[in-house]
Amino acid sequence: MAEYDNTNSGALYPMRDHYEVIRQGAVNMDGTDHRIIAVKRNNKEGQPIIELYRAIGTIKKNDNKSSDKHPDSKGMVEAISVDSVKSIAAWKKTSKAGNEYTSLAVSDIQPRTDQPQPENNNSLDDEIPF
């Protein structure tokens with residue numbers, strides 16, 4: 001039996017979990033602006049988390065549909081390549097006008113400094129550490 005090839009395809013389903021859009025905005029990563037939304041939901045353990053979603057495109061009703069073979073909706077979507085993962089930090093803030101917002105900062109992932117670092121002695125150690 002051949003495996004199903006889902007390359008360049010996907011699906012949207014009715015919501016089965018409770019997702020709540022709580023913020024919208026933008027973040028700049030490596031000089032490129034991205035539209036994002038923050039969605040509050042519970043993880044598998046039932047703990048509340050906030051997921052960030054990046055806008056990748058839009059679709060709208062196809063006003064030129066003249067047969068059942070034509071799509072109901074059409075649009076444009078960006079190709080997404082995952083070539084790096086960044087760290088993101090968030091701060092709850094209030095503007096001078098009294099409006100609440102969340103400030104974001106994106107950075108490269110830094111190695112943990114609370115772990116002992118191996119010595120760099122440039123010698124080969126024949127002993128396997130496990």
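By convention here, the first residue in the shown sequence is residue 1.
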message: Looking at Asn62 and Pro71, would you say the former's side chain and the latter's main chain have a donor-acceptor pair under 3.5 Å?
response: yes
query: Between atom CE of Met76 and atom CD1 of Ile59, what is the distance when rounded to the nearest 0.5 Å?
result: 13.5 Å
- request: Measure the shortest side-chain to side-chain distance between Tyr53 and Val39 over non-hydrogen atoms and say whether it is less than 4.5 angstrom.
  value: yes
message: Within a 6.0 Å radius of atom CZ on Arg35, are there more than 12 heavy atoms belonging to other residues, nucleotides or ligands?
response: no
statement: When every non-hydrogen atom of Trp91 is compared with those of Ala105, the smallest separation belongs to CZ3-CB, 3.6 Å
field: Pairing of Arg54 and Glu78 as salt bridge, 4.0 angstrom limit
entry: yes
task: Evaluate side-chain contact (heavy atoms from CB on, under 4.5 Å) for Leu52 paired with Ile88, printing each intermediate quantity in order.
output: CA-CA 10 Å; Leu52 300 178; Ile88 190 164; 3.6 Å; yes
Hydrophobic cluster (4.5 angstrom, side-chain heavy atoms) - remaining members for Tyr13: none
- prompt: Listed by chain and number, what are the side-chain contact (heavy atoms from CB on, under 4.5 Å) partners of Asp108, not counting sequence neighbours?
  reply: Lys86, Gln110
message: Taking Glu100 first and then Lys93, would you say they form a salt bridge - that is, a charged N and a carboxylate O separated by under 4.0 Å?
response: no
- prompt: Would you say Lys65's side chain and His70's backbone share a donor-acceptor pair under 3.5 angstrom?
  reply: yes
message: To the nearest 0.5 Å, what is the distance between NZ on Lys61 and CG on Asp63?
response: 6.0 Å
Closest heavy-atom pair and its distance - Asn42, Pro48: OD1-CA, 3.4 Å
- prompt: Does a side-chain heavy-atom distance below 4.5 Å link Thr32 with His34?
  reply: yes
task: Using the rule that two of Ile, Leu, Val, Met, Phe, Trp, Tyr join whenever any of their side-chain heavy atoms come within less than 4.5 Å, decide whether Leu104 and Met29 are in one cluster.
output: yes
Show which side-chain atoms of residues 18-28 pair as donor or acceptor with protein atoms under 3.5 Å away, not counting sequence neighbours.
| unit_1 | atom_1 | unit_2 | atom_2 | d |
| --- | --- | --- | --- | --- |
| Arg23 | NE | Thr102 | OG1 | 3.0 |
| Asn28 | OD1 | Gly31 | N | 3.0 |
| Asn28 | ND2 | Asp33 | OD1 | 2.9 |

query: Near Asp68 CG, under 6.0 Å, is it more than 12 heavy atoms from other residues, nucleotides or ligands?
result: no
query: Would you say Thr94's side chain and Gly98's backbone share a donor-acceptor pair under 3.5 angstrom?
result: no
